Amino acid sequence: MATVESVCVYCGSSNQVNPKYLRVAADLGRFLATRGCRIVYGGGSTGLMGALADAALEAGGEVIGVIPDHFYVPELAHTGLTRLEVVPDMHTRKARMAQLADAFVALPGGFGTWEELFEVLTWAQIGLHQKPVGLLNAFGFYDRLLDFIRHAREEGFLYKDHEDLLLARPDPQSLWEALIAFRPKPLHKWLTQPKSSP
Ligand code: AMP
């Protein structure tokens with residue numbers, strides 16, 4: 001079982017989304033807070049980011065934001081967090097968020113969310129960390145992405161054990177169970193495989 005005391009959450013910053021997605025972010029925030037699990041996220045006040053942080057704080061949870069200084073403006077940064085770390089750039093931010101977390105979760109989001117998710121998945125694939133990576137697939141938002149990942153595996157671009165690194169679940173409770181049940185296993189290394197083996 002993985003010990004998960006803090007979760008890094010990646011999620012959409014847009015305010016233009018269907019409110020059902022804001023509710024999912026708030027549900028996850030409350031869920032983690034009531035389990036005493038710290039949230040690490042990008043430090044924003046907008047979209048799912050704000051909904052996540054507000055709900056967790058309201059439930060008495062600890063929320064740490066890590067924001068690059070070019071986003072550190074009143075319209076974007078959350079001012080009521082347990083702690084807000086201001087860092088010089090996006091790369092420092094992502095490394096710091098990863099360092100502070102025992103597990104990663106992506107909620108529905110856009111380019112920023114996907115980029116962060118795929119970076120931590122790639123780091124897992126090449127053995128740079130052994131922390132669980134979850135996808136909260138609320139309302140089937142990521143169904144087509146999961147289909148595409150399966151397609152990439154069938155076409156030989158991914159190993160099955162790399163595909164399996166992404167723990168996709170439809171709700172906070174089942175995702176939490178998958179995160180804490182995660183056990184890292186030895187993974188394929190591209191360079192040591194014969195050409196036909198994926
Ligand atoms: P996106 O999914 O494109 O909306 O990007 C959201 C992700 O990018 C979040 O997980 C953040 O880490 C980062 N991000 C994007 N916009 C902001 C913002 N206004 N404030 C803080 N972080 C942001």
Side-chain angles (χ1 to χ4, degrees), residues 4 6-33 37-57 61-124 129 131-146 148-149 166-169 172 175 179:
V4 180
S6 85
V7 172
C8 175
V9 181
Y10 306 125
C11 58
S13 57
S14 169
N15 282 323
Q16 309 303 314
V17 300
N18 184 317
K20 68 184 183 183
Y21 294 112
L22 300 175
R23 286 195 287 274
V24 167
D27 286 348
L28 181 69
R30 262 188 305 275
F31 181 93
L32 294 173
C37 182
R38 188 180 317 115
I39 291 173
V40 178
Y41 85 119
S45 59
T46 62
L48 275 69
M49 300 176 78
L52 169 88
D54 288 344
L57 291 164
E62 203 181 323
V63 184
I64 299 175
V66 184
I67 198 161
D69 57 10
H70 58 91
F71 276 162
Y72 187 43
V73 291
E75 315 83 69
L76 297 180
H78 198 300
T79 51
L81 302 177
T82 314
R83 191 169 88 228
L84 182 63
E85 297 189 10
V86 183
V87 294
D89 52 57
M90 292 297 274
H91 287 101
T92 311
R93 172 210 234 175
K94 289 189 288 175
R96 179 66 179 148
M97 287 166 75
Q99 183 187 36
L100 290 170
D102 300 319
F104 305 94
V105 166
L107 283 167
F111 286 154
T113 302
W114 310 335
E115 187 263 341
E116 292 166 321
L117 170 68
F118 282 113
E119 183 171 69
V120 289
L121 265 182
T122 308
W123 289 351
H129 71 78
K131 300 173 185 178
V133 181
L135 185 71
L136 188 49
N137 186 24
F139 304 107
F141 179 79
Y142 282 117
D143 284 353
R144 278 159 284 182
L145 177 69
L146 293 167
F148 180 69
I149 291 173
L166 184 58
L167 309 169
R169 299 291 185 278
L175 184 60
L179 295 177

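When reading the values below, keep in mind they use all heavy atoms of this one structure, side chains included, and skip hydrogens, waters and symmetry mates. Atoms within each ligand, like the ligands themselves, are counted from 1 in listed order. Just so it is clear, the model here is predicted, and its values are computed rather than measured. Position 1 is the first residue of the sequence, and the numbers go up from there.
Distances below 4.0 Å separate heavy atoms of F111 from the following atoms of ligand 1: 3 (O). Close contacts of ligand 1 with M49, meaning ligand atoms under 4.0 Å from a residue heavy atom, involve 9 (C), 11 (C), 21 (C), 22 (N), 23 (C). Taking a cut-off of under 4.0 Å to the non-hydrogen atoms of Y10, the atoms of ligand 1 that pass are 10 (O). The ligand atoms of ligand 1 that sit less than 4.0 angstrom from a heavy atom of G12 are 2 (O), 4 (O). Which parts of ligand 1 touch G110 is read off a 4.0 Å heavy-atom cut-off, strictly below it: atoms 1 (P), 2 (O), 3 (O). Ligand 1 places these atoms under 4.0 Å from at least one heavy atom of G109: 2 (O).
In this structure, Y10 and F104 have parallel ring planes: the angle between them is below the 30° cut-off, well short of the 60° mark.
Here's the thing with E116: one of its N/O atoms is less than 3.5 angstrom from an N/O atom of ligand 1. When only interatomic distances are considered, the shortest N/O to N/O separation between S13 and ligand 1 falls below 3.5 Å. Considering both main-chain and side-chain atoms, G112 comes within under 3.5 Å of ligand 1 through a nitrogen or oxygen pair. The N/O atoms of T113, backbone and side chain alike, include one that comes under 3.5 Å of an N/O atom in ligand 1.
For C11, every heavy-atom contact with ligand 1 shorter than 4.0 Å involves the backbone, none the side chain. Only side-chain heavy atoms of R93 come within less than 4.0 Å of ligand 1; its backbone N, CA, C and O stay farther off.
In terms of heavy atoms, G134 sits closest to L179 at N-CD2, 4.0 Å. Considering every non-hydrogen atom in both V24 and F139, the closest pair reads CG2-CE1, 3.4 Å.
In this structure, CG on L117 lies 12.0 Å from SG on C11, to the nearest 0.5 angstrom.
Around atom 20 (N) of ligand 1, the closest heavy atom drawn from F71, Y72, W114 belongs to F71.
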